[in-house]
Structure formats: structure tokens, C-alpha cells
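These figures come from a predicted structure and were not determined experimentally. One-based numbering, in listed order, for ligands and for the atoms of each.
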Amino acid sequence: MYVASNSADQIKTNLSFVSQQIEQLVQKAQRPKGSVRLLAVSKTKPISALQTAYDAGQRAFGENYVQEAVEKFHALSHLKDIEWHFIGPIQSNKSRQIAETMDWVHTLDREKIARRLSEQRPTNMPPLNVCIQVNISGEASKSGIPLEQLPSMVELVKSLPNLILRGVMAIPAPQQSHEAQCAVYSPLVTAFEKLAELDSQLDTVSIGMSGDMAAAIESGSSIVRVGTAIFGERDYHLTE
Ligand SMILES: *Cc1c(COP(=O)(O)O)cnc(C)c1O
């Protein structure tokens, strides 16, 4: 069911290259060392590829499809310190599976889903870390709330007992230049910083992928979501 991934050696080489790149970009942006985390996006890739990355020291993994995420969660449940991040669209009939397995959700953009995730979070698990997904590309994207609705969504999520609001997330449409990419991120980061002044638990800006890590880190990313540059191309998308 999974697509071919890079060889184990290639994954290890890529991981160390991407980590170095992140630190160089952090330095160039004059930001504190270690201020950007790497989320390894392993969607469509086999469990062996995740194991290889884990063995090389990677702990945070991002998955987009509920069924696949849950399957990998069970297959790797012996790795106690692995961290599962859900970064795909959330259908309400799948929220329970997410609430019962994931450590983080980056793609929260509906009140109904927020309420369900909080209700369905098992009491023996820590609260679910969430980022609110914001649509910063207008019509180019169907996912995410408009930036104007961020304050009210923040209030809602903060009122739910089994969620911890950590920050914001975005998937912008690709731009023609580095400057244009930064310009798209700027209003989101500004809005986040305003909110973070009032709440020290808000520490996460989830922006940046293989293609725009430099712009995202320069703009203030705290977690980059990188798939292709680690695991190789995905030639098709799994559907559920
Ligand atoms: C697939 C995916 C990524 C990783 O994209 P790459 O271009 O392979 O680095 C990051 N974020 C989200 C939400 C994704 O769906």
C-alpha cells in the first residue's frame, strides 16, 4: 500500500542535510539556535522508512491520512518517545481515531472538529496539542480559517479542556520568489506574535515545507514540515 521511499542510507544522509540546512537558515535569520524543529512528513512512505529516520534520531513524524497514521501508530507503538503529528484534512467521522492516537494536530480549522477532538481525547492521555490552520492564500486553498477569524477560534480552542493551543499553521500556494513567499507569511506571523504576547503556551508557527523552508524560517517558523527532501518523491496520493 505504500510507495517506494529512498534507501535507508539516503534517508539518513537527507535527514542530516536538512537538519544542517535548518540550523544554517536559523543562524542567517539571527534567530536562537535550535528554535526551529523538524517534522518529518512520512505520508505514503513505508514503516521501514520511519524506523530508519527514528534510528537516526528523528522523533516527530507527520501524517496526512487517518487510516495510514493509525496503522503506523500501532506498528511503531514500541517506540515510546515517537511523536505523532496529524497534518491532513480532518473529517468529523475520523476525529475519534485522531484524538486517540496523535500527539499533535496542525490542521484544526472547524469549531465542530475542535469540540469533538476535546470530547474524544482519552482521559489517560495528555491534552492534544493543536495548531489552528489559517488560509493565507485566499481562493487557492479550501482549508484553513480566514485570518480575521483567528481570534475567535483561539478563544474557542482555549475554552476546551482537552486541547492545548500551541499556535498556527499554514500551507500557502507556492510563490514565484523568496520575497513573495515571505510576504505571504508575514501577516500570519504578525497575528501569531500578537496572540503569543498574551499566552506563553503559544509557541508554534507551523510553516515551511521542502520547497520553501528558507522563506518560512526567515519569516518566523518554529516547525518545518518536510517530506520529499527526506524520504523522496511521492508518486501518488493515498486515498481513504
Ligand atoms: C505533504 C505535506 C508536507 C510535506 O511536503 P514536502 O513538499 O514533501 O516537503 C508538509 N505539510 C503538509 C500539510 C503536507 O501535506
Side-chain angles (χ1 to χ4, degrees), residues 1-6 10-22 25 36-46 49-50 52-53 58-70 72 83-91 94 98 102-110 113 129-137 140-145 166-176 178 181 184-185 188-189 192 204-240:
M1 96 181 248
Y2 299 123
V3 305
S5 102
N6 283 334
Q10 191 66 59
I11 290 170
K12 286 180 190 163
T13 306
N14 289 349
L15 257 180
S16 94
F17 181 71
V18 170
S19 305
Q20 276 171 29
Q21 255 186 323
I22 291 171
L25 290 164
V36 178
R37 288 181 78 199
L38 171 59
L39 179 65
V41 175
S42 43
K43 62 179 176 214
T44 78
K45 299 299 179 182
L50 284 81
T52 299
Q58 180 64 30
R59 292 294 177 269
F61 292 87
E63 289 286 338
N64 287 60
Y65 309 100
V66 177
Q67 194 185 320
E68 183 185 350
V70 170
K72 288 173 174 173
E83 207 179 84
W84 293 105
H85 294 237
F86 192 77
I87 61 170
I90 307 172
Q91 293 162 357
K94 301 277 172 67
I98 294 172
M102 298 289 115
D103 300 297
W104 283 72
V105 166
H106 290 228
T107 40
L108 187 63
D109 67 353
R110 283 159 65 200
I113 299 293
N129 297 291
V130 302
C131 291
I132 295 169
Q133 184 176 359
V134 180
N135 179 354
I136 54 175
S137 294
S141 170
K142 293 184 295 271
S143 300
I145 59 167
R166 297 296 294 269
V168 293
M169 180 269 201
I171 315 172
Q175 305 297 316
Q176 296 297 334
H178 177 87
Q181 204 79 52
V184 169
Y185 282 133
L188 174 68
V189 175
F192 168 80
T204 304
V205 179
S206 168
I207 54 175
M209 323 207 315
S210 296
D212 73 336
M213 245 174 44
I217 290 175
E218 186 179 320
S219 300
S221 171
S222 52
I223 185 162
V224 288
R225 310 177 308 262
V226 179
T228 309
I230 299 170
F231 297 109
E233 296 289 336
R234 301 173 292 270
D235 21 48
Y236 68 93
H237 286 274
L238 287 179
T239 51
E240 291 185 41

*Would a distance-only check, ignoring hydrogens and angles, find a side-chain to backbone donor-acceptor pair under 3.5 Å from Ser42 to Phe61?*
no

*Rounded to the nearest 0.5 Å, what separation is found between the CD atom of Glu83 and the CG atom of Asn129?*
7.5 Å

*Enumerate the atoms of ligand 1 whose separation from the nearest heavy atom of Ile171 is less than 4.0 angstrom.*
13 (C)

*Taking only heavy atoms of Val226 into account, list the atoms of ligand 1 that are under 4.0 Å away from them.*
9 (O)

_Please identify which of these residues, Leu38, Val41, Ile22, meets the side-chain contact (heavy atoms from CB on, under 4.5 Å) condition with Val226._
Leu38

_Asp109 side chain vs Ile145 backbone, donor-acceptor pair below 3.5 Å_ = no

*Could you tell me which atoms of ligand 1, counted from 1 in the order shown, lie closer than 4.0 angstrom to a heavy atom of Arg225?*
4 (C), 9 (O), 10 (C), 11 (N), 12 (C), 13 (C)

*Of all the heavy-atom pairs spanning Ser219 and Ile207, show the shortest one and how long it is.*
CB-CD1, 4.4 Å

_Heavy-atom pairs closer than 4.0 Å: do any link ligand 1 to the side chain of Thr107, the backbone, both, or neither?_
neither

*asked:* With heavy-atom distances below 4.0 Å as the criterion, list the atoms of ligand 1 near Ile87.
replied: 11 (N), 12 (C), 13 (C), 14 (C)

*Exercise: identify the closest heavy-atom pair between Thr44 and Tyr2*: O-CB, 3.3 Å

*Which atoms of ligand 1 have any heavy atom of Asn64 under 4.0 Å away?*
14 (C), 15 (O)

*asked:* Please verify the inter-ring angle class for His85 with Trp104; under 30° counts as parallel, over 60° as perpendicular, anything in between as tilted.
replied: parallel

*Any N or O of Gly227 that comes nearer than 3.5 Å to an N or O of ligand 1?*
yes

*Among Lys43, Glu63, Arg234, Met213, which residue places a heavy atom closest to atom 14 (C) of ligand 1?*
Lys43

*Residue portion contacting ligand 1 (non-hydrogen atoms closer than 4.0 Å) for Thr228*: both

